[in-house]
Structures are given as structure tokens and as C-alpha cells.
Amino acid sequence: LSPVCLGSLRRAASINAEYMGVHKYLEDVVSGNLSPNQDILRNLQLVYNLLPNLKRPELLRALAIKNNDHSVSVYVASIVRSVLALDRLIDNKIENRDRLVKKEADDGRSSETAKAHRG
């Protein structure tokens with residue numbers, strides 16, 4: 001999850017830097033320091049028109065549901081990872097126990113063999 005958060009943070013910082021560049025350009029155009037470039041202004045208008053209206057309750061509800069669905073997916077994935085890790089831990093414990101039992105049995109046989117050779 002950490003790489004996802006780090007990536008989101010970097011994207012947000014990048015978007016903020018782009019926004020600040022646009023803001024500076026528009027301030028320079030308004031103050032008369034730069035002449036307006038119609039291509040840039042047309043693209044900015046297009047972007048502005050494509051932005052969602054966040055004052056619509058149905059859009060806010062849809063975004064909240066999508067966010068909740070995403071959160072549930074992350075939660076379920078986390079549970080699955082935990083269960084798989086627990087399963088591996090149990091398997092490891094069983095293997096270690098079997099290995100210990102086998103070693104004790106081998107040690108017992110070798111000590112009996114040594115006694116038989118002496119006696």
C-alpha cells in the first residue's frame with residue numbers, strides 16, 4: 001500500500017506544480033506581461049468544461065460509492081494476504097515439527113546401534 005500512497009502523493013505534487021504554472025501564466029496575461037496565446041486559452045477552457053460539477057449530490061454519492069468499493073477491495077485483499085501468510089506459517093510449523101521428530105528418531109536409532117555394537 002505504501003507505493004500506492006507514494007505514487008498518489010507524487011502525482012498530486014505534479015498536478016499542483018502544473019496548476020501553479022497555469023496560474024502564473026494567467027496572472028501574467030491579465031497583468032499584461034504576456035500576450036494571450038489562443039491555443040493555450042482554448043485548451044484551458046476545454047479542461048475547465050470537462051471538470052465535474054462537484055455540487056451535484058448524485059455525483060458526490062457516486063464518487064463516495066466508488067471510493068467505498070475501492071476501500072472494500074483493498075480490505076479484502078489485505079485479509080487474503082493475512083490468511084495466506086498464516087497458512088504458510090502453519091505449514092512451516094508442521095514441517096519443522098516433522099523434521100524435529102525425524103531427527104529425534106534418527107538420533108534414537110543411532111544411539112541404539114552404538115549400544116548394540118558395544119554390547
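Residue numbers start at 1 and run along the sequence shown. Note that the structure is predicted; figures quoted are calculated from it, not measured.
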Heavy atoms only: give me the nearest L41-Y25 pair and the separation to one decimal. CD2-CE2, 4.3 Å
How close do V29 and P36 get, heavy atom to heavy atom, and via which atoms? CG1-CB, 4.0 Å
Identify the residue among K102, E95, K103 that makes a side-chain contact (heavy atoms from CB on, under 4.5 Å) with R99.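 The residue from K102, E95, K103 that satisfies side-chain contact (heavy atoms from CB on, under 4.5 Å) with R99 turns out to be E95.
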Give the intermediate values and the outcome of salt bridge (Lys or Arg N to Asp or Glu O under 4.0 Å) for residues D91 and R88. CA-CA 5 Å; D91 287 345; R88 285 191 300 269; over 6 Å; no
Once side chain to side chain donor-acceptor pair (under 3.5 Å) is applied, what residue pairs with a partner in residues 11-23 remain, sequence neighbours excluded? S8-R11
Using 0.5 Å steps for rounding, measure from the CG atom of D87 to the CG atom of L84.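 These two atoms lie 7.0 Å from each other.
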Test of understanding: with side-chain hydrogen bond (donor to acceptor under 3.5 Å, both in side chains), list the residues that count as partners of S31, not counting sequence neighbours.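 With neighbours one apart ignored, the set is N33.
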Results of side chain to side chain contact (heavy atoms under 4.5 Å, CB included) for I94 - residues two or more places apart only: I90, R97, D98
Side-chain contact, heavy-atom cut-off 4.5 Å: L44 with L26? yes
